[in-house]
Amino acid sequence: MVDLQNMKNLSEKNFPSAVHMKWIMTVLLGYFGLRLLFFAVAISGYLPPDEVTHLGLSQVFKSFFLPANTSETYEYGLVTNISWLYYWLMGKLLWLNVFGLPDLLFLRLLNIPFAFGTIYFAWRLLLLFTTDRLAQVLLVVVMTNTLMFSFLSASVTYDNLTNLLGIMAIYYLFAYFKERAVSLLFISFLCQLAGCLTKLSFLPLALVLVLLWLLREFRELKHLPTTIKNYCQGSGGRCLFLMFALLCALILNLQLYGGNYIQYGQLRPSMYDVLSADIALENRIAARDVILQYFKDGRLDYGQAMRMTRFIPHPGDRADTVFLLQNFLDHKVNGYDVLSPLEYVPTWVKGVAATSFGVMGHFSIPNTGLTIAPIGVLMFLALLGFAVRWRKGNLEGLAVYLTLLFTAYLIILMYVHNYQLYLYYENLSMGLQGRYLFPIIGAFYVWFSYSLTHLFQRQGLRLGLVVVAALIFFLNDFPFFLYHVTPEWFGPYSPF
């Protein structure tokens, strides 16, 4: 990317001015906050992804002592051997619910600040590249008008803390690249370790960030001990605190993932690995996997497997299990063609786009066809802007590393996670959800906002493009949701 100094100077004279920026940001963030309040109050607890489980585990972690797997917790899955940080935090915050609010509503409201924090650190990441105000406006528009991100932000889910820690880890690492302050590197590592304690799928992002750091800094690694020593001598207690926090976070990660691997041979053992298959049937997700695996192994015939689905209490998971059984039986009888990794790419792109700019939960509103096509055009224009404005010889710039970051993460997510799920479940939609992209959504939208606003140099064309893009994202968020939603989406707190 090229930071065009003349554009920076023009931004002081042209719209938006500093005063305009204050009003625009206030309106955008206020509108975002009102929508999140609507989602938090109005949406049924059975709709957001796995919210029943996240709420139940948060209530289990409310106890003063560390919880154990008991008959009271089986319905929520494992409470040991899991990434626990979000549940521990939410459980302790439940002690603050002195207002008589239902736990679901209280925790939904407490999840909203995570979304604002994610937007804030995405904005700070953009400022490492440019102070251009049109790019800042576009970034906040797209961050606050991506439907699944909006919907998820007002739900009880560890994704919200994961997204915040993801963008914080990225920001502090790139700030270190630019400013060379060791404290920024320490904070990035601390966010990465905290993210791994929050959700297993954070591990690929942490791996990519560490590899990027090694790629950029490998010539300077020999000086790192001296740099850290000098920092600690100059900062005193702050260095000791950060190093102690890093050590604690590292030990907790080794205890969790190292312990799981040593005992069970995998980083995240299943419920039937830790307990038993009979106990696993008491959990809605583990029951689905046990029933399907027993059917695939021949330990259950089709009729027996279908009868077992009646014991899955959640209607969405019960319907998913029935569909998977029917799907596997059809493939067993009639056969099916497996997509190659290359053939899988178009399906994956359409799937994650439909569930990022739509809603994917236990009810779904996928965004496909003509409504999402303009967003695809904007993505292409951003790619064109990046190609046009990127200069040969700028390989040391942050833009290349930002591009490598989200590209590597997308490839890992596509092939290590989604494609493997497709092969196992023999179903294209299984686990194919846009929310798995959200740990890097801020980084991607920084790239998108900068590239799109720098496609043209004329201020009038740039402003016009931002207005059109803002309108497209706006219409694909709340108006799209209201047009497609049905009364079944609303819960007991809804005014509808």
Side-chain angles (χ1 to χ4, degrees), residues 32-67 72-80 82-120 144 147-168 194-195 197-202 283-285 313-314 316-317 359-363 433 435-436 438-439 481 489-495:
F32 182 62
L34 289 174
R35 279 180 289 134
L36 296 196
L37 287 175
F38 170 83
F39 286 136
V41 171
I43 297 300
S44 168
Y46 271 93
L47 289 181
D50 301 326
E51 190 175 47
V52 173
T53 296
H54 296 310
L55 173 63
L57 286 173
S58 298
Q59 292 170 328
V60 170
F61 273 81
K62 183 181 178 181
S63 63
F64 181 79
F65 298 102
L66 290 177
E72 288 77 23
T73 67
Y74 292 158
E75 63 178 300
Y76 306 121
L78 292 173
V79 299
T80 63
I82 62 170
S83 305
W84 49 266
L85 183 58
Y86 174 81
Y87 305 122
W88 181 87
L89 178 62
M90 292 295 105
K92 300 307 175 277
L93 288 175
L94 278 174
W95 287 98
L96 302 178
N97 187 11
V98 296
F99 310 102
L101 292 175
D103 285 350
L104 174 63
L105 180 57
F106 184 71
L107 290 185
R108 280 182 173 183
L109 295 175
L110 289 183
N111 272 259
I112 291 176
F114 291 141
F116 281 91
T118 302
I119 295 168
Y120 171 73
T144 58
L147 181 53
M148 190 61 197
F149 180 76
S150 302
F151 186 82
L152 205 65
S153 296
S155 306
V156 182
T157 171
Y158 55 11
D159 288 312
N160 293 322
L161 180 57
T162 302
N163 299 338
L164 174 59
L165 291 171
I167 189 61
M168 288 178 67
L197 291 174
T198 303
K199 189 175 181 182
L200 175 67
S201 61
F202 199 97
N283 172 252
R284 58 191 185 85
I285 297 176
H314 194 288
D317 293 298
V359 176
M360 181 66 176
H362 296 288
F363 287 173
Q433 300 185 39
R435 64 188 173 98
Y436 296 131
F438 291 169
F481 174 81
W489 284 72
F490 300 113
Y493 318 123
S494 172

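Owing to the predicted nature of the structure, the values given are computational and were not obtained by experimental measurement.
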Does the side chain of [X] reach to within under 4.5 Å of the side chain of [Y], using non-hydrogen atoms?
{"X": "Ile112", "Y": "Leu37", "result": "yes"}
{"X": "Gln59", "Y": "Met90", "result": "no"}
{"X": "Glu51", "Y": "Leu104", "result": "yes"}
{"X": "Pro49", "Y": "Arg435", "result": "yes"}

For residues [X] and [Y], report the shortest heavy-atom separation together with the two atoms involved.
{"X": "Val60", "Y": "Pro67", "result": "CG1-CB, 3.6 Å"}
{"X": "Leu96", "Y": "Phe99", "result": "O-CE1, 3.8 Å"}
{"X": "Phe39", "Y": "Ala154", "result": "CB-CB, 3.7 Å"}
{"X": "Gly117", "Y": "Leu164", "result": "C-CD1, 3.4 Å"}
{"X": "Met148", "Y": "Met360", "result": "CE-O, 3.1 Å"}
{"X": "Pro48", "Y": "Ile43", "result": "CD-CG2, 4.1 Å"}

Show the numbers, then the answer: is there a side chain to side chain contact (heavy atoms under 4.5 Å, CB included) between Leu47 and Phe490?
CA-CA 9 Å; Leu47 289 181; Phe490 300 113; over 6 Å; no

Classify the side-chain pair Asn111/Tyr158 by whether it contains a donor and acceptor separated by less than 3.5 Å.
no

Scan side-chain atoms only and decide if His54 and Tyr87 contain a donor-acceptor pair under the 3.5 Å cut-off.
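Yes, side-chain donor-acceptor contact under 3.5 Å.
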
Verdict with supporting geometry, Phe32 and Ile119, side chain to side chain contact (heavy atoms under 4.5 Å, CB included)
CA-CA 11 Å; Phe32 182 62; Ile119 295 168; 3.5 Å; yes

Out of curiosity, [X] [atom1] to [Y] [atom2], how far, rounded to the nearest 0.5 Å?
{"X": "Leu161", "Y": "Thr198", "atom1": "CG", "atom2": "OG1", "result": "4.0 Å"}
{"X": "Ser63", "Y": "Lys92", "atom1": "OG", "atom2": "NZ", "result": "6.0 Å"}
{"X": "Leu78", "Y": "Asn283", "atom1": "CG", "atom2": "CG", "result": "8.0 Å"}
{"X": "Ser83", "Y": "Trp88", "atom1": "OG", "atom2": "CH2", "result": "15.5 Å"}
{"X": "Leu85", "Y": "Lys199", "atom1": "CG", "atom2": "NZ", "result": "14.0 Å"}
{"X": "Phe438", "Y": "Phe149", "atom1": "CZ", "atom2": "CZ", "result": "7.5 Å"}

Could you tell me whether a side-chain N or O of Arg35 sits under 3.5 Å from a main-chain N or O of Thr144, the two making a donor and an acceptor?
yes

Tell me whether Asp159 contacts the main-chain N or O of Asn163 through its side chain, where contact means a donor paired with an acceptor under 3.5 Å.
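Side chain of Asp159 to backbone of Asn163, a donor-acceptor pair under 3.5 Å: no, none is there.
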
Look at Asp50 together with Arg284 and state whether they make a salt bridge at an N to O cut-off of under 4.0 Å.
yes

Might you work through the side chain to side chain contact (heavy atoms under 4.5 Å, CB included) test for Asn97 and Leu107, ending with a clear yes or no?
CA-CA 9 Å; Asn97 187 11; Leu107 290 185; over 6 Å; no

side-chain contact (heavy atoms from CB on, under 4.5 Å) partner of Leu110, the single match among Asn160, Leu94, Leu93
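Result: among Asn160, Leu94, Leu93, Leu93 is the only option passing the side-chain contact (heavy atoms from CB on, under 4.5 Å) with Leu110.
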
Return the orientation label for the Phe481 and Trp489 ring planes: parallel under 30°, perpendicular over 60°, tilted otherwise.
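Correct class here is perpendicular.
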
Yes or no on side chain to side chain contact (heavy atoms under 4.5 Å, CB included) for Leu66 and Val79, after CA distance, side-chain angles and deciding distance?
CA-CA 9 Å; Leu66 290 177; Val79 299; over 6 Å; no

